[in-house]
Amino acid sequence: MSITPMFKRSAPSSETRRVLVTGGSGFIGSHLCERLLEGGHEVVCVDNFFTGRRDNVMHLLDHRKFELMRHDVTVPLHVEVDQIYNLACPASPIHYQRDPIQTVKTSVMGAMNMLGLANRLKAKILQASTSEVYGDPYVHPQVESYWGNVNPIGPRACYDEGKRCAETLFFAYKQQHQLPIKIVRIFNTYGPRMQPDDGRVVSNFIIQALTNQPITLFGDGEQTRSFCYVDDLVEGLMRTMDRTADDVSGPVNLGNPGEFTIRALAETVIALTGSRSRLVREPLPVDDPRQRRPDISLAKQLIDWEPTVALRDGLLKTITYFDGLLAQGEQPVRAVR
Ligand code: NAD
Ligand code: UDP
């Protein structure tokens, strides 16, 4: 299926840079590494493989401009780079709730270590923040000026408050050291290389549908999310890093403003896979946000960006990916909350 982009992809840069991507072997990070290499840049990919897979970057290992380092960002890092994308952090509720202390450490100490590195190098640094900083929002759609509604001691707090504190640290480094920082608030992103066992809704539903297992609808399924295809998101990350002036430090929402109920997502996945799966209701997780949709006016204005991939098209690509994994013998694992 061909998808006509509304914008051209960022042209390869005439200026080659050495770029650090923390969390580079994760879902989004691996796509970002690929795009940076396509643009002619050198990439240092740092990951502790907590949730990332070496397989995600296996195809890049022989690239002469690609370097993979096993390293935990809670420990200081000494490398020489021009730009830093700080993506290291588990992103799915199952994974970030498995070891909440490590999640806070990764967000907070990881941000401090990467900011310290950026400050020494006077490098531009971009933080992968999240729509979770808005918590269970009362303002809809979410605008960057909204301070959010986050439970500071709930099961999602290790991630939400960790990311909020990281934003605070980024601004502190800008104020105290005039560091050129960028913060993007990423809304639910999906696509190939999501982990089959991380319990996120898109991967769960697709695997359940492909294997004709019951589709697990948490709560009444009327809660909403907005789903952004990974290629669109990566384009937004690179534009934010490269196109915003150094006095524009965000935060900037990056996500697809199309809003769907989780029930509608389940029905779409069933239709696209031709599955025999039926819907089963399961309890809604604690503090599960009821609605989520980004206002992306700021991203449009600052980086001339908006998503181009419709949910149906992105889902088809993702279904093809998971179908391939299952055909290779990947066992469908029930992700338990
Ligand atoms: P992911 O879990 O696939 O990737 C995260 C990567 O970080 C993994 O490779 C993991 O091994 C690595 N990592 C975790 N802790 C680390 C540590 N201490 N040191 C080094 N590496 C570490 O998740 P993703 O979906 O690719 O998310 C990437 C980033 O984007 C995360 O910061 C996440 O919070 C943010 N984000 C993602 C989404 C989404 O929908 N995917 C939404 C909002 C924000
Ligand atoms: N969800 C669901 N069934 C699943 C997994 C998730 O109904 O098997 C729901 C979940 O309760 C939430 C939404 O889908 O309302 C998105 O969940 P996900 O974990 O993907 O992301 P997040 O809650 O962090 O946005």
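The figures here come from the full heavy-atom set of this structure, side chains too, leaving out hydrogens, waters and symmetry mates. One-based numbering along the sequence shown. Remember, predicted model here, so these are calculated numbers, not experimental data.
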Beyond-backbone contact of F170 with L115, side-chain heavy atoms, under 4.5 angstrom: yes
Main-chain N/O of L210 paired to T273 side chain as donor or acceptor, under 3.5 Å: no
Side-chain (N56) to main-chain (S25) donor-acceptor, under 3.5 angstrom: yes
S203 side chain vs G199 backbone, donor-acceptor pair below 3.5 Å: no
Spacing of CD1 belonging to I206 relative to CG belonging to L272, to within rounding of 0.5 Å: 8.5 Å
Sequence neighbours excluded, every pair satisfying salt bridge (charged side-chain N to carboxylate O under 4.0 Å, His left out) that has a member inside residues 85-95: none
Reported CG-to-CE distance for the pair L169 and M114, which is rounded to 0.5 angstrom: 12.5 Å
Where at least one partner belongs to residues 202-228, residue pairs that pass salt bridge (charged side-chain N to carboxylate O under 4.0 Å, His left out), sequence neighbours excluded: E222-R263, R225-D288
Sidechain-backbone polar pair: Q291 side chain, H140 backbone, donor-acceptor under 3.5 Å: no
Between H41 and Q83, a side-chain donor and acceptor under 3.5 Å: no
Flag, side chain of Y190 to backbone of R200, donor-acceptor distance under 3.5 Å: no
Anything under 3.5 Å between a donor and an acceptor, one on a side chain of residues 117-129, the other on a protein residue two or more places apart or in another chain? List them.
residue: N119; atom: OD1; partner: K122; partner atom: NZ; Å: 2.7
residue: R120; atom: NH1; partner: E80; partner atom: OE2; Å: 3.4
residue: R120; atom: NH2; partner: V79; partner atom: O; Å: 3.4
residue: K122; atom: NZ; partner: N119; partner atom: O; Å: 3.2
residue: K124; atom: NZ; partner: M241; partner atom: O; Å: 2.7
residue: Q127; atom: OE1; partner: N86; partner atom: ND2; Å: 2.9
residue: S129; atom: OG; partner: E167; partner atom: OE2; Å: 2.6

Pair D242 + R17, salt bridge at N-O below 4.0 Å: yes
Any donor-acceptor pair under 3.5 Å from Q213 side chain to T211 backbone: yes
Straight-line distance of L77 CG to T22 OG1, nearest 0.5 Å: 9.0 Å
Rounded distance [0.5 Å steps], CD in E67 versus CG in L61: 11.5 Å
side-chain hydrogen bond (donor to acceptor under 3.5 Å, both in side chains) partner of R292, chosen from E259, Q223, E132, Q142: E132
Shared hydrophobic cluster for L298 and V184 (ILVMFWY, side-chain gaps under 4.5 Å): yes
Working for salt bridge (charged side-chain N to carboxylate O under 4.0 Å, His left out), residues K65 and E42: CA-CA 5 Å; K65 291 189 171 180; E42 284 179 51; over 6 Å; no
Side-chain donor or acceptor of D72 paired with backbone N/O of N48 under 3.5 Å: no
D136 and N149 side chains, donor-acceptor separation under 3.5 Å: no
Distance-only side-chain donor-acceptor flag, T308 / D232, under 3.5 Å: yes
Spacing of CG belonging to L68 relative to NE2 belonging to H63, to within rounding of 0.5 Å: 14.5 Å
Inter-residue atom distance Y96.OH - S107.OG, 0.5 Å rounding: 10.5 Å
